[in-house]
S.K.: 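A single structure is presented below for examination.
These figures come from a predicted structure and were not determined experimentally. Residue numbers start from 1 in every chain, and the chains themselves are labelled A, B, ... in the order their sequence lines are given, proteins ahead of strands.
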2 protein chains.
Amino acid sequence: MISNKCKYAIKALTHIARYDDGYKAVMTADISREQDIPRKFLEIILRELRNNRILESKRGKDGGFRLLRPAEDISLTEIMRIIDGPIAMLPCVSLNYYRSCDECDEENCEIKSVFEQVRDRTLEVLNGKTIKSLILT
Amino acid sequence: MISNKCKYAIKALTHIARYDDGYKAVMTADISREQDIPRKFLEIILRELRNNRILESKRGKDGGFRLLRPAEDISLTEIMRIIDGPIAMLPCVSLNYYRSCDECDEENCEIKSVFEQVRDRTLEVLNGKTIKSLILT
DNA sequence: AATAAATACTATCAAATAGATAGGATTAAT
DNA sequence: ATTAATCCTATCTATTTGATAGTATTTATT
């Protein structure tokens, strides 16, 4: 399962991508109201996306958030990794968050290859999806 | 990510499948030692698998656990659902643990179809895997 | 009948994570 | 100055994860 936080992040980004006219920034309060996401929680999420160079923010009156890159250059996997961490089902098959398993001999692990296959099939779907492709659906 | 508990469950089952000679039951202590799984935690897992009709147990001296069905009839998805619950990444696309999302209009959800695809690709891999197929790898 | 050795059961616990909320500091447009 | 936005720090509660302890019960063997 992805976390609520991650789902909120994706929905916030699609909202921003849709409403960003290249001029006015999109405000937290608007996203919160229209996507039904708790406001203070959303603030944290948007700041985290800004810290990871997905968004840029403008403070003060008429402030808000804008995509730092075109929506077609922001992949779902990137967002999911920022918010939730690894996508793989086992730490030892994660491409971006690899950790070895304490108790198993990785060379002879029986379950590793299964979860490598799951990872590859999952990424085949997710790698192709961007914020842009989501809002066209 | 699957939980450690689930990884332990799968490893315990492959261990039992390999050592079960149809006569003597396999003891918790042996599995614990050879698979390096904390013993008391393993007890809980094995009991849970027994309660879900994956294993049968024998108490007392010379007791232990045996597969209740042939290893080729126990799928990975069944074990994962028993121990960790849903396999899908969103509650609203789960086949066995469906729950609607509070905050979204499911008809018009932008992200649902992506995670349906992920679910389908994942199940394509996992549905084919059984305890039997794991120990032959 | 006693003993040894196994699972069954109940209770508990510590750490991490999820999912937020509160309140004030800072910034910027008017 | 005022208003309205993000930024930041701290805090909180509930749940889940990953276990451990101790006792009860069952069964094979002697």
S.K.: Counting just side-chain N and O atoms, does B:Tyr8 come under 4.0 Å of either OP1 or OP2 of D:dA19?
M.R.: yes
S.K.: Whole angstrom is fine here: how far is it from CG in A:Asp30 over to P in D:dA5?
M.R.: 8 Å
S.K.: Determine the contact category for A:Leu46: base if any of its heavy atoms lies under 4.0 Å from a base atom, sugar-phosphate if only primed atoms, P, OP1 or OP2 are that close, otherwise nothing.
M.R.: nothing
S.K.: Which nucleotide in the list D:dA24, D:dT20, D:dG18 gets nearest to the side chain of B:Lys5?
M.R.: D:dG18
S.K.: Could you check how far CD1 of B:Ile45 sits from C1' of D:dA19, rounded to whole Å?
M.R.: 10 Å
S.K.: Side-chain heavy atoms nearer than 4.5 Å, only ILVMFWY residues, links allowed to pass through others: does that put A:Val125 and A:Leu123 together?
M.R.: yes
S.K.: Starting from P on D:dG18, measure out to CD1 on B:Ile2 and report it in whole angstrom.
M.R.: 10 Å
S.K.: Extract, from 5' to 3' on DNA chain C, the first and final nucleotides lying under 4.0 angstrom from some heavy atom of chain A.
M.R.: C:dG19 to C:dA29
S.K.: Flag the pair A:Glu110 and B:Lys11 as a salt bridge only when some basic side-chain nitrogen lies within less than 4.0 angstrom of an acidic carboxylate oxygen.
M.R.: no
S.K.: Select from A:Glu43 and B:Gly60 the residue whose nearest nucleotide in DNA chain D is closer to the 5' end of that strand.
M.R.: A:Glu43
S.K.: To the nearest angstrom, how far is A:Asn4 atom CG from D:dT15 atom C1'?
M.R.: 13 Å
S.K.: Report yes if a side-chain nitrogen or oxygen of A:Ser57 is closer than 4.0 Å to either non-bridging phosphate oxygen (OP1 or OP2) of D:dT6; otherwise report no.
M.R.: no
S.K.: Would you kindly compare A:Leu42 and A:Lys61 by the position of their nearest DNA chain C nucleotide and give the one closer to the 5′ end?
M.R.: A:Leu42
S.K.: Inspect the contact between A:Lys112 and A:Glu107 and indicate whether a charged nitrogen and a carboxylate oxygen are less than 4.0 angstrom apart.
M.R.: no
S.K.: Please give, in whole Å, the distance from D:dT9 C1' to A:Arg47 CZ?
M.R.: 9 Å
S.K.: CZ of A:Arg66 versus C1' of D:dT6: gap in Å, rounded?
M.R.: 13 Å
S.K.: Base, sugar-phosphate, or nothing for A:Arg39, non-hydrogen atoms under 4.0 angstrom?
M.R.: base
S.K.: Using the side-chain contact (heavy atoms from CB on, under 4.5 Å) rule, take B:Lys24 and B:Tyr19 through it: C-alpha gap first, then chi angles, then the decisive distance, then the call.
M.R.: CA-CA 9 Å; B:Lys24 267 187 84 175; B:Tyr19 285 80; over 6 Å; no
S.K.: So, B:Arg119 and B:Glu124, do they make that salt bridge, N to O below 4.0 Å?
M.R.: no
S.K.: Rounded to the nearest Å, what distance is computed from the NZ atom of residue B:Lys11 to the P atom of nucleotide D:dG18?
M.R.: 14 Å
S.K.: Nearest heavy atom decides the nucleotide; on that basis, is B:Ile83 or B:Lys40 closer to the 5' end of DNA chain D?
M.R.: B:Ile83
S.K.: In a check of salt bridge (charged side-chain N to carboxylate O under 4.0 Å, His left out) between A:Glu56 and each of A:Arg47, A:Arg50, A:Arg66, which one passes?
M.R.: A:Arg66
S.K.: Between A:Met1 (CE) and D:dT15 (C1'), how many Å, whole number?
M.R.: 15 Å
S.K.: Counting heavy atoms not belonging to B:Arg53, are there more than 12 under 6.0 Å from its CZ?
M.R.: no
